[in-house]
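Working notes, structure below.
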Number of protein chains: 2
Amino acid sequence: MLVSGTTGWDKSMSTRHALLNALVHGDASGYDLVKRFQPSAAHWWHPRPAQMYTELSRMEADGLVSGETVIQTKYPNKRVFSLTDAGRAELQRYAEVPSPPAEFKDELVIKMMGLDVADPAALLADLARRRKWCVERLRKDQSSVDAMLGERTADQYAAEADDLGEYLWRLRSIGLMQASVEWCDAVIGVIEARRSPANEQRTA
Amino acid sequence: MLVSGTTGWDKSMSTRHALLNALVHGDASGYDLVKRFQPSAAHWWHPRPAQMYTELSRMEADGLVSGETVIQTKYPNKRVFSLTDAGRAELQRYAEVPSPPAEFKDELVIKMMGLDVADPAALLADLARRRKWCVERLRKDQSSVDAMLGERTADQYAAEADDLGEYLWRLRSIGLMQASVEWCDAVIGVIEARRSPANEQRTA
DNA sequence: AAAATCATGTAATCGGTTACATGATTAT
DNA sequence: ATAATCATGTAACCGATTACATGATTTT
């Protein structure tokens, strides 16, 4: 598995509870979990391997998970983690704490602040890149959803499936990516309108 | 000004460049900038005062801004910052660095991971709260945009205005909030479908 | 032969958060 | 009287990132 490079990783979230929730569906090694949260496998948020390993150790120290070492001959030994009762209790507690509003962090928005004084060329290039990235992400998420659904309707899937989390995560991503693409187009439109304010003299 | 409490603050972004960009439009004290990025005044991202003050000092040490102390008798003295040439150069450099993909951090999405094993009651409450929050945010952003436009069309505004950053920031927020509300509704739908899988036997 | 897979971790650093401290002035 | 405004900061902490280190095995 290639870990850094390509498109790179995105940023932060509640790593501990993400790991806890991931272990609900079955025991896993740190390595398994790293893969499950990888950018290619997952979506728009990815804890880094370094932190996942440290967090797993901390969780073990806190008694939320227990790790058993599995000795392997051909490959390095691994530690397989499972939820403890305390872990499950913590998950329950967490479920009942109201979630804070989602956080959105977008450097492009910051750059927009300088738009009325800056040269828009660099911004246009940036917007085009961003738009492309979002379209690509959208395509991937959409095809994941299609693959998950198969022949079923969304309602059937909702009733039967056992990986609703994955599914809903992708739905979330799709919505955000659509909004992002539309925003890019709107901003490009604004910059164009500013560049050629021809239509001002038109109607009135 | 009341700083903490109420809905509270959201999280992180590139504080340094946000401050730099804010100073493009005119000199300002730390306090002015704190207000400009406040949740009520601004949008969905807000650096904390503590960090803005520290960051301004660091920027001054790095020569990107220069602060002049203004002595006041009735109120505490203040330091008014202005961009230096180095600061403007840094802003230019920053404009040319490609922006990384936007980051989205949403604890609700994490909670969804446990949906097929957990009791959905707590989640439903959480979703309802979230939905309400987003609708409210949406309303505020929408009325800000309306106020900015006034009698003008979007194209006219784009050609004339000198606060495009504020405007585009709100457009971004509106798109994200709309997507968020729709997602909440979709998830609620999924949970309902799961709770009463009545329609499975229907057509086929 | 080169690259990717399996598998885990440490150390240094950093950006950001929380909590706290101060105190005159003005508006409700 | 109470609360909010003006105005700035420090100290402790913490979650997360970057960079690095290891090395046999399997696939291309």
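These numbers come from the heavy atoms of this one structure, side chains and all, not from hydrogens, waters or symmetry mates. Quick caveat: nothing in here was measured; it's all calculated off a predicted structure.
- To the nearest angstrom, P of C:dT8 lies 11 Å from CE of A:Met52.
- Regarding contacts with the backbone of C:dG16, a side-chain N or O of B:Thr15 is found under 4.0 angstrom from either OP1 or OP2.
- Straight-line distance from the CE atom of B:Met59 to the P atom of C:dG16: 12 Å, rounded to whole Å.
- Taking a 4.0 Å limit (strictly below) on heavy-atom distances, residues 65-78 of chain A reaches DNA chain D at A:Lys74, A:Tyr75, A:Pro76.
- Between atom CG of residue B:Leu176 and atom CG of residue B:Leu171 there is a gap of 11.0 Å, rounded to the nearest 0.5 Å.
- B:Arg194 is listed as a side-chain neighbour of A:Leu164, based on a closest heavy-atom distance under 4.5 Å.
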Between protein and nucleic acid, restricted to nucleotides 9-14 of chain C and to nitrogen or oxygen atoms under 3.5 Å apart, what atom pairs and distances do you find?
from	atom 1	to	atom 2	distance (Å)
C:dG9	OP1	A:Arg79	NH1	3.4
C:dG9	OP2	A:Arg79	NH1	3.2

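- Rounded to a whole Å, the CG atom of A:Leu56 is 15 Å from the P atom of D:dG15.
- Side-chain contact between A:Lys105 and B:Pro100 is absent, with no heavy-atom pair separated by less than 4.5 Å.
- A:Leu33 has its CG atom 14 Å from the P atom of C:dC6, to the nearest Å.
- Salt bridge B:Lys132/B:Glu136: absent, no basic N to carboxylate O contact under 4.0 Å.
- Side-chain N/O atoms of A:His25 and B:Asp116 include a donor and acceptor closer than 3.5 Å.
- Side chains of B:Ser143 and B:Asp146: no donor on one and acceptor on the other come within 3.5 Å.
- Listed by chain and residue number, nothing satisfies the salt bridge (charged side-chain N to carboxylate O under 4.0 Å, His left out) test with A:Asp119 (two or more places apart in sequence, or in another chain).
- The side-chain hydrogen bond (donor to acceptor under 3.5 Å, both in side chains) search around A:Arg130 returns A:Asp106, not counting sequence neighbours.
- Closest approach to the A:Ser29 side chain among C:dC6, C:dT8, C:dG15 is made by C:dT8 (side chain taken as heavy atoms from C-beta onward).
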Quiz item: Between B:Ser29 and B:Asp32, does a side-chain hydrogen bond (donor to acceptor under 3.5 Å, both in side chains) hold up when you go through it step by step?
Solution: CA-CA 5 Å; B:Ser29 67; B:Asp32 294 333; 3.1 Å; yes
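- In this structure, B:Lys105 places its NZ atom 12 Å from C1' of C:dG15, rounding to the nearest Å.
- Taking atom CD of A:Glu103 as the reference point, atom P of D:dA16 lies 11 Å away to the nearest angstrom.
- Atom NE2 of A:His17 and atom C1' of D:dG15 are 14 Å apart (whole Å).
- Summarising the local packing, CD of B:Glu68 is surrounded by 12 or fewer heavy atoms from other residues, nucleotides or ligands at distances under 6.0 Å.
- For the helix from C:dA1-D:dT28 to C:dT28-D:dA1, the rotation axes defined at the first and last 5 base pairs enclose an angle of 60°, given to the nearest 10°.
- Applying the side-chain hydrogen bond (donor to acceptor under 3.5 Å, both in side chains) rule to pairs touching residues 88-101 of chain B yields A:Glu107-B:Tyr94, A:Lys111-B:Ser99, A:Asp126-B:Ser99, B:His17-B:Glu90, B:Glu90-B:Arg93, B:Gln92-B:Glu96, sequence neighbours excluded.
- Between A:Tyr31 atom OH and D:dA24 atom P the separation is 17 Å, expressed in whole Å.
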